[in-house]
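Below: one structure, written as structure tokens.
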Amino acid sequence: MHNHIAEFRKAAGLSQQELADAISVSRKTISTIETLRFTPSVIIALKIAQHFNTSVEHLFTLDDGD
């Protein structure tokens, strides 16, 4: 799975910490999601999507092998 969270975050002018604070997670959680070391729960994915006023499908894409 790939994600576009860093792109959305940077376009909004937010730091990882600011995004983390906005959705009540740690900065490390945002970092590990962006670097594909952690797959977020559905709740976190929905919170991120809601924060950017987009759908989960715009933030996350499946690889062929997923």
Side-chain angles (χ1 to χ4, degrees):
M1 178 167 38
H2 285 33
N3 71 66
H4 304 283
I5 296 170
E7 297 165 34
F8 274 81
R9 179 179 57 74
K10 290 174 185 177
L14 297 174
S15 68
Q16 288 181 338
Q17 186 64 58
E18 290 169 324
L19 176 56
D21 290 345
I23 64 164
S24 301
V25 298
S26 70
R27 185 209 54 82
K28 185 175 180 178
T29 297
I30 299 299
S31 174
T32 58
I33 293 170
E34 287 184 354
T35 58
L36 307 176
R37 291 180 284 147
F38 175 70
T39 302
S41 69
V42 172
I43 293 171
I44 292 174
L46 287 168
K47 284 182 178 183
I48 295 169
Q50 184 178 41
H51 181 78
F52 291 119
N53 196 32
T54 192
S55 67
V56 172
E57 291 84 3
H58 280 103
L59 290 175
F60 299 91
T61 56
L62 293 175
D63 295 329
D64 290 337
D66 289 338

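As the structure is a computational prediction, the values presented were derived from the model and not from experiment.
Considering only heavy atoms from C-beta on, Ile30 comes within 4.5 Å of Ile23 through its side chain.
Residues Ala49 and Ser55 share a closest heavy-atom pair of CB-C, 3.9 Å. A pairwise comparison of heavy atoms in His51 and Ala22 identifies CE1-CB, 3.5 Å as the closest pair. Considering all non-hydrogen atoms of both residues, Ala6 and Asn3 come closest at N-OD1, 4.4 Å. Nearest heavy-atom pair across Leu59 and Ala45 is CD1-O, 4.4 Å.
Here the CG-CD distance, from Leu19 to Glu34, works out to 7.5 Å after rounding to the nearest 0.5 Å. We find the CZ-NZ distance between Arg37 and Lys28 to be 7.5 Å, quoted to the nearest 0.5 Å. Atom NE2 of His58 sits about 7.0 Å away from atom CZ of Phe8, to the nearest 0.5 Å. In this structure, CD1 in Ile48 is found 13.0 Å from NE2 in His4, a value given to the nearest 0.5 Å. Summarising the geometry, atom NE2 belonging to His2 is positioned 6.5 Å from atom CG belonging to Leu36; distances are rounded to the nearest 0.5 Å. Here the CZ atom belonging to Phe60 is positioned 6.0 Å from the CD1 atom belonging to Ile33, to the nearest 0.5 angstrom.
The local environment of CD in Gln50 is sparse, with at most 12 non-hydrogen atoms from other residues, nucleotides or ligands closer than 6.0 Å.
In this structure a side-chain-to-backbone donor-acceptor pair under 3.5 Å is missing from Ser31 to Arg27.
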